[in-house]
Amino acid sequence: MSMSTTKLNAESHLLLDQPLLRLPHELLRKTFKTSQKHFERDQNIIMTGVKEAATKAMAGGDPEDSIASLDTMINRMQGLKRKLESLHEDEKVLQEHSRKRISHLQDLYNIPSLVDEGYDRWSRTRLDRLLVDFLLRAGYGESAKKLAQEKQIEDLVDVDVFVQCAKVEASLRKGSTVECLAWCQENKNSLRKMKSTLEFELRLQQFIELVRAGQPKEATAYSKKFLVPHSENHLKDIEKAAALLAFRPDTPYQPYKAMYSADRWEFLANTFVNTHHNLYGLPSRPLLHIALSAGLSALKTPSCHSSVASSSSNTASSTTSLCPICSKELNALARHVPYAHHVRSSVEPDPVVLPNGRIYGRERLEELASKLGLPEEKIRDPTTGEEWDRSTIRKVFIM
């Protein structure tokens, strides 16, 4: 094997690994913003308190009041210290994760070729990461955690982030917006920059539930407090919501029937997951599916999604080879990937085309007919099992 075919191109291998560094970076940025918010808020309060205490002391105020004010400020500063220390510990953990992930990616650049043993070990570690990612997205958090522990890759995967996401998603599917609204409040500034509609949809759902419960006064007050501030971007939706006050939950008329529908909880859960993944730079699909799709695209041909699913599952077929694209497990995943681009083609000698458009070598068709004991004037398609008169086949000339 030539060096050109075994040389490792690290850049192309790392196309799937952008989230590996992106997520810790986003979490670090969030932690820094939280620390900055706590510091600025408490600093303003403490500085104001110091000025007020100094002014009272200069004016000959009661010393006990000044001491009490100083004690209050000291307690606040101690509270701020505890918050910042906790956030600092979180930062150290995230920085350690980033360091180990960078080291893991750097190992790939130190591997000289695809046949090196180091590449096999690195690839197995990446496969383990992809499997953990898949399990987390499928809702198997405990299995993902145990796999990460067994393979000692806890620092290379983001179990806690996905577990938190799964909890909020599950609460929405159960009909509760409390956890998701709390998450929106934690990430309020980032969601505003993203122009996310998640919080509005949650508030709209709470309004709908108040109307459904027969509480029009509470619903009206709620809409004034939480929906009206969004009127600049969601005026039509707010007008539709207001009209719900005149329609019962069992109304057959649209769009009110859809707004009352339980399907909205599914919509909210999917909206949250998409928003969560966009916020942290995570792909919407499992990385395992993306990696498989890339490989499947290199194998896919137009015949893979023909009326004949696969040669192995077709009882009329006499062939035993199984195409990965046509397999039951991967057929749906490969359906929307592009066809392979082959600059070279390989055809059997003396090719002929059958009436169904399939092309085979004449010798292969004659050998199959002989093995099956077909009449001399008949031939059989090896894939579909269809039988044709030999007079119907036509010779093919490759240009």
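Note that the structure is predicted; figures quoted are calculated from it, not measured. Position 1 is the first residue of the sequence, and the numbers go up from there.
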Does atom [atom1] of [X] have more than 12 heavy-atom neighbours, drawn from other residues, nucleotides or ligands, at distances under 6.0 Å?
X	atom1	result
Tyr109	OH	yes
Glu363	CD	no
Glu377	CD	yes
Gln106	CD	yes
Met77	CE	no
Tyr140	OH	no
Lys167	NZ	no
Gln18	CD	no

Might you work through the side-chain contact (heavy atoms from CB on, under 4.5 Å) test for Trp265 and Leu268, ending with a clear yes or no? CA-CA 5 Å; Trp265 290 107; Leu268 291 173; 3.9 Å; yes
When rounded to the nearest 0.5 angstrom, what is the spacing between [atom1] in [X] and [atom2] in [Y]?
X	Y	atom1	atom2	answer
Leu191	His276	CG	NE2	11.0 Å
Arg390	Leu374	CZ	CG	8.5 Å
Asp17	Leu287	CG	CG	8.0 Å
Gln36	Lys33	CD	NZ	5.0 Å
Ser284	Asn270	OG	CG	11.5 Å
Leu279	Leu23	CG	CG	9.5 Å

Nearest non-hydrogen partners of [X] and [Y], listed with the distance:
X	Y	answer
Thr220	Ser223	O-OG, 2.7 Å
Thr275	Ser196	CG2-OG, 3.7 Å
Arg29	Ser190	NH2-OG, 4.1 Å
Ile238	Ser231	CD1-CA, 3.6 Å
Val159	Leu136	CA-CD1, 3.8 Å
Leu172	Ala269	CD1-CA, 3.8 Å

Does [X] use its side chain to pair, donor to acceptor, with the backbone of [Y] at less than 3.5 Å?
X	Y	value
Arg22	Leu282	no
Arg101	Leu21	no
Tyr260	Phe247	yes
Thr251	Arg248	no
Tyr256	Ala246	no
Ser103	Arg99	no
Asp389	Ser391	no
Gln254	Ala258	yes
Asp133	Arg129	no
Thr48	Asn44	yes

Go through the steps for Gln205 and Glu201 under the test side chain to side chain donor-acceptor pair (under 3.5 Å), then give the verdict. CA-CA 6 Å; Gln205 187 64 37; Glu201 294 293 347; over 6 Å; no
In the hydrophobic cluster built from side-chain contacts under 4.5 Å, what are the other members alongside Leu235? none
Salt bridge or not for Arg173 and Glu266, using N-O below 4.0 Å? yes
Is a salt bridge present between Glu367 and Arg364, judged by a nitrogen-to-oxygen distance below 4.0 Å? no
When the side chains of residues 119-128 are checked against the rest of the protein, which donor-acceptor pairs come out under 3.5 Å, sequence neighbours left out?
| from | atom 1 | to | atom 2 | distance (Å) |
| --- | --- | --- | --- | --- |
| Tyr119 | OH | His13 | NE2 | 2.8 |
| Asp120 | OD2 | Arg124 | NE | 3.3 |
| Trp122 | NE1 | His104 | O | 2.8 |
| Ser123 | OG | Tyr119 | O | 2.9 |
| Thr125 | OG1 | Arg121 | O | 3.2 |
| Arg126 | NH1 | His13 | O | 2.6 |

Could you walk me through whether Arg137 and His289 pass side-chain contact (heavy atoms from CB on, under 4.5 Å), step by step? CA-CA 11 Å; Arg137 291 171 183 267; His289 283 187; over 6 Å; no
Would you list the pairs meeting salt bridge (Lys or Arg N to Asp or Glu O under 4.0 Å) in which at least one residue belongs to residues 34-48, sequence neighbours left out? Asp42-Arg76
List the atom pairs, with distances to 0.1 Å, where a side-chain N or O of residues 78-92 and a protein N or O form a donor-acceptor pair under 3.5 Å, not counting sequence neighbours.
| from | atom 1 | to | atom 2 | distance (Å) |
| --- | --- | --- | --- | --- |
| Glu89 | OE2 | Lys92 | NZ | 3.2 |

Side-chain heavy atoms nearer than 4.5 Å, only ILVMFWY residues, links allowed to pass through others: does that put [X] and [Y] together?
X	Y	result
Leu227	Leu181	no
Leu202	Met194	yes
Leu368	Ile379	no
Met73	Ile45	no
Leu288	Ile153	yes

In the structure I gave you, are the side-chain heavy atoms of Arg203 and Tyr222 within less than 4.5 Å of one another anywhere? yes
Passes salt bridge (charged side-chain N to carboxylate O under 4.0 Å, His left out), Glu239 versus Lys236? Steps please. CA-CA 5 Å; Glu239 291 174 346; Lys236 290 185 178 179; over 6 Å; no
Report the C-alpha distance between His234 and Thr197 in whole Å, list the side-chain angles of each, state the deciding distance to 0.1 Å, and finish with yes or no for side-chain contact (heavy atoms from CB on, under 4.5 Å). CA-CA 9 Å; His234 301 281; Thr197 62; 3.7 Å; yes
Which residues pass the salt bridge (Lys or Arg N to Asp or Glu O under 4.0 Å) test with Asp160, not counting sequence neighbours? none
Could I get the full list of side-chain contact (heavy atoms from CB on, under 4.5 Å) partners for Asn189, not counting sequence neighbours? Arg192
Could you label the plane-to-plane angle of the Trp183 and Phe272 rings as parallel, tilted or perpendicular, counting under 30° as parallel and over 60° as perpendicular? perpendicular
Cut-off 3.5 Å, side chains only: do Tyr360 and Asp381 have a donor facing an acceptor? yes
Would you sort out whether Leu130 and Phe134 count as a side-chain contact (heavy atoms from CB on, under 4.5 Å), showing the intermediate values? CA-CA 6 Å; Leu130 298 184; Phe134 177 79; over 6 Å; no
